[in-house]
Every structure is written in structure tokens, then in C-alpha cells.
There are 2 protein chains.
Amino acid sequence: MGTTQLDAVPEPKYWHLKTVLSDALDSEFEVGEILPNERELAARFGVARATLRQALEQLELEGRLQRRRGVGTTVAPPRFGVDVGPGEQGWPGAPDDAWQTGESEETTAPAAVAALLGRDADEPVHSVRRTRMTHGQPVATELLYVPHSSVPGLPAMDSTGGTARGRAVLRELHRLELDGQERTVELGSVRADDARQLDRLPGAPVLVVTTRYVSQGVTAAVSVSTYRADTCRLTFGEKVREPVVPAPEGPAPEAAPRRHRAATAGRLSHR
Amino acid sequence: MGTTQLDAVPEPKYWHLKTVLSDALDSEFEVGEILPNERELAARFGVARATLRQALEQLELEGRLQRRRGVGTTVAPPRFGVDVGPGEQGWPGAPDDAWQTGESEETTAPAAVAALLGRDADEPVHSVRRTRMTHGQPVATELLYVPHSSVPGLPAMDSTGGTARGRAVLRELHRLELDGQERTVELGSVRADDARQLDRLPGAPVLVVTTRYVSQGVTAAVSVSTYRADTCRLTFGEKVREPVVPAPEGPAPEAAPRRHRAATAGRLSHR
DNA sequence: GAGTGGTCTAGACCACCTC
DNA sequence: AGGTGGTCTAGACCACTCC
């Protein structure tokens, strides 16, 4: 007695805030437009900044917003669709691939990778770092692990730890016959070293794509690629051509107008 | 002058905490074991609870921990590898698939899905809800959208909005010839309705797999599946058999012992 | 009812970018 | 120097689970 009705599940404030902001983004903002700052938004909605930030975090996770320290919060463009095979049924470094070869060094593979390779954890491998660019932005970094035994023909150039070495490794890899590849995708958080290359803070969500390259029945190489989860949509094309894909937003896309109305000055109404 | 050295980047507390906890998880805890509660952990590390929670959030995102309200925080098992074609080159509802057909109803597809279907946004579609189980746990929910024009042979059973109707839709789908399918994977956050089915709170991170099924040159159906990102590793097998995959943990797996030492009582040392 | 994780507050300071 | 987002604190209350 007293409760007007079944108030049922009191929706968390930040959750409600998120949907309000999401709607405002659709109706009142242009892509690339900069939002009012967090302190102002929090005040306007009558919540603590931490609560507002919880909502913004969600929206950033869904690729709707982009936040940069010292700059501000902007409305993010729809996610890129980046192709992740098996379209290009080739080895890394195929002439047409989207990757840019970087440093290479001789190390020992991390335990998990060694297990995937089916090699001992202490067997030396070539590790080649690569970066993938799209629209002028780095969207992924990769570490490619190639056991010495996979590329026995590689000329000795031990101390040449530069990009030349990386290209040499890729070249040798191409001499092998590729039987197939196997991929897994999972969620991770970017480590400090990758973070800088991807222009994100450590801990930002990434999609980790692990690929096992098989040649003549054995795993010849393993690559671990980390894609920015906020800006990327991984596509696995097969046979079919892609039409205009209007980036589903959030989880299960529900009626999403995303009309671009002219943006003037003081909108984003409260309540 | 004055700084002893390049103190460079003062690592955030929660970031350092995360690595400390991560190491402790490897060395001092068993899978399924329950951690001390948050207030205790925070006190033990001399930080505010919010800071500790930031570290725990990261670890949960990486699939290392599982937190349940009212229960506690437990050490998560390695992620499941769930197959996401194109191994089973078939229509949804193939006799051997891992999905469990649920409710079906007649609706109109959300805008983004309608665009993928290449149909008008107001054309009626059958929407079939399905659930994917693995190891007795629900790992994904799906909404399958089938335009009426794709299954003209479907007998009239308008008001039969149950699972029988869903099965009928799938049955009709099988009569079509499948030319190919096209998938995309992206990060999302689970909506309220899916959340309950996946036993997660709203907003939890999910991997959204959107599949376009093509028959005779046109898109015959579109499915949107949301997988729990904390417990799932999506696998895209091709030709190759899978060995024992020891779940890379975090982004780029670095030397990960994950040895299971006997767990006693009051460890998890500070500093 | 006791104990857990989830939400929220009102403040403070820091790191970074831009002017 | 001033403004932005990022980190951190010390508290409070709530929703949930289990006994």
C-alpha cells in the first residue's frame, strides 16, 4: 500500500541517461560535432559527473562517442567495416593486403601462442609487428609469430632487427603452401604498448583476432591482431558482395533513424 | 631538475592493481574459487573501493573474473570456444545446430536490419528468437528476421505466436538454396531483454554477430546474435582441425603460466 | 538478516591539449 | 593559462542471494 503500481525494476540512472543521450545524438547532433563538457552535461541532467561518465562509457563502448583527453567528447562516425578474411586467402604480406610491416625481432613466443603453434615454449620465433591502416587511421596492430623451423631458408641477418627483416620473414612465408587458416575473435583490453599505436588509453576495449596459419598439416605461423573495438566492425565476407551497410548501433539494432538534423546552439534538453 | 629520472608515465593505480590481481589469479587461485569481497580487497590494497572496482571491471572484461550480485567474485574458467561458421554451411535450424528455437512473432524489422535485407522498413517479417546453449549455459541469443516474401509457402497460422510458428519458419527457410552468408562481428552492450536470458546485467559487453543469408542473389534472411563477451571466444574454423586451444588471456597473450596451485586461506599479499 | 556486488554522490587532483 | 577528460576518494544507499 503506497506504491502506486509495480515500480518493478527501478532503472539505473546511468542507463536511462544513456538512452536519453543516445536519442539526442540521433536527433540533435552531427557526426564529429563536439558535445558539452562532462561537468556541464552532469549539471544539466542533475547527476554526479561519475554517473554521467558511466553513461558516456557505454556509448563509447557502442561506438557512438569518442572521447579524447584535453579535447572533448565528439559524436563518432559509424564503425568501419574491416575485412578479416577469408576473402584474401593468402599469407600475411600479400601484395594487396592492408597491413604495413613494422619492426621484427627474434624472441620466444608467449606460452599461449607456443601452444597454438604446437611448438615448445622456448623455441625461438621471428616476431613481426604490423599495423593496419584504414582511412588514414590505425585500426589494428598485430604480432605475427613465425617459428624458425617454418622459414628455414631465411638468410642469416641476425642483428638486422628492422623492418627489412620483417619483410624478409614475410617473403619466406610466401614460399610455403597455405592449406588453411583458423581464426578466433574475442574481447580484450589493449595493453600499454599497443595503446599508443592505436591512439587509445591502456585498457580500451579491443577485438583480439587470433589466426593460425596451416601449411602441410602443421601450424606454420600464428598472428594475434588487436582491433579497436570502438571504431571497427569485423567483416567475414563469403562469396557475396556487400551493399550499403548502415552500421547497426548498439547490440540488437532497434529502429535507428540517425537522421542528421542541422545543429544549432543550446540543445540537449533536460528531462 | 629535481626529478630523479624520467618518471615518465605514472601508471594509474587501477592499472597496476589489475596486473597485481591478474598475477595473483594465476598463482594463488583455482578456477571457480571465490575472492575476498570488494571492501576487504580495497582495504587490503589501500585504495578506495571504486578504484578496486575499476581493476575488477577490466579483469571481468578480459574473462578472468565473474561477478554476481549477492554472491561474490569468482575466478572464471577459460572462455568457451563457440563455433560461428562457416563450418556448418547451412540455414539456421539445421538438424545439428546448437540453437534452440523460441518464440516467433510477426513484426517489422528495425531500420538497420531492413537495410541489410534490402527491403522496405515497413515490410512485415517473421522474427524468430533463438537461444544458444553451451555446457548448460546460455551463451547467446538471436533474433532471426525472415521477410514474408522469402517464405511464401508458409501456411497461414497468424495468431500462433509460439515456438511452433518459429519452427515452421525455419522449416520453410530450409527449402531455399543457400548461396552464401556474410558475417560481421562488433562490440555491443546487452539490452535489458537479452540481459536476463544471458544471466547478465544490462550493459554487459557482448559480441554482436550479424549474418546475412543469401539465396539466389537476394538476402533471404538476417540474424543478429549477441554472444556473452566475457565467456565466449568466437571461432571461425576452416578446413583445419582444432588442437587444444589454451585460451589466450587478455589482448596479446604474453607469457601466461596459469598454473593451478593449491589454494589455502589468507593469501593475496599486499604490495 | 547478513553479506555481496551495483549504483550514486560531491568533491579533489592529475594529465593532456589548445590557445 | 584555461579547459578537457581521466583518476581517485570516502562515504551512502540499494538490489540481490543465501541462510
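Labels below follow one simple rule: chain letters A, B, ... track the order of the sequence lines, proteins then strands, and each chain is numbered from 1. Side chains are part of it too, since the values below use all heavy atoms of this structure and drop only hydrogens, waters and symmetry mates.
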If I take atom [atom1] in residue [X] and atom [atom2] in nucleotide [N], what distance separates them, rounded to the nearest angstrom?
X	N	atom1	atom2	result
B/E11	D/dG6	CD	P	18 Å
A/W15	C/dC8	CH2	P	12 Å
A/L41	D/dG3	CG	P	17 Å
A/L201	D/dT4	CG	P	18 Å

Below 4.0 angstrom, N of the basic side chain to O of the carboxylate: do [X] and [Y] qualify?
X	Y	result
A/E142	A/R129	no
A/R165	A/E103	no
B/D83	B/R233	no
B/E40	B/R44	yes
B/D230	B/R200	yes

Measure from the side-chain heavy atoms of A/P12 and tell me the nearest of D/dG6, C/dT9, C/dT7.
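Side chain of A/P12 sits closest to C/dT7.
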
query = Contact class for A/L56 vs. all strands (heavy atom < 4.0 Å): base, sugar-phosphate, or nothing?
reply =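 No contact.
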
Next on the checklist: Less than 4.5 Å apart, side chain to side chain, heavy atoms only: is that true for A/Q58 and B/S189?
Outcome noted: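 Side-chain contact under 4.5 Å: yes.
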
N or O in side chain of B/K13 less than 4.0 angstrom from D/dT9 OP1/OP2: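 Checking D/dT9 against B/K13, a side-chain N or O does come within under 4.0 Å of OP1 or OP2.
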
- Taking only N and O in the side chain of A/Y14, is any of them less than 4.0 Å away from OP1 or OP2 of C/dC8?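 So the side chain of A/Y14 is outside the cut-off, no N or O lying under 4.0 Å from OP1 or OP2 of C/dC8.
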
Name the stems with DNA chain C in them: runs of three or more consecutive Watson-Crick or G-U pairs, distances under 3.5 Å?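 So far as stems of 3 or more pairs are concerned, DNA chain C shows C:1-18 with D:1-18.
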
Please tabulate, one pair per line, each protein N/O and nucleotide N/O from nucleotides 3-5 of chain C that are separated by under 3.5 Å, including the distance.
| residue | atom | partner | partner atom | Å |
| --- | --- | --- | --- | --- |
| C/dG3 | N2 | B/G70 | O | 3.3 |
| C/dT4 | OP1 | B/N37 | ND2 | 2.8 |
| C/dT4 | OP2 | B/N37 | ND2 | 3.1 |
| C/dT4 | O2 | B/G70 | N | 3.1 |
| C/dG5 | OP1 | B/T73 | N | 3.4 |
| C/dG5 | OP1 | B/T73 | OG1 | 3.1 |
| C/dG5 | OP2 | B/E38 | N | 2.9 |
| C/dG5 | N7 | B/R39 | NH1 | 3.1 |
| C/dG5 | O6 | B/R39 | NH2 | 3.0 |

Legend entry - side chain to side chain contact (heavy atoms under 4.5 Å, CB included) evaluation trace for A/Q137 with A/T231: CA-CA 10 Å; A/Q137 299 278 7; A/T231 57; over 6 Å; no

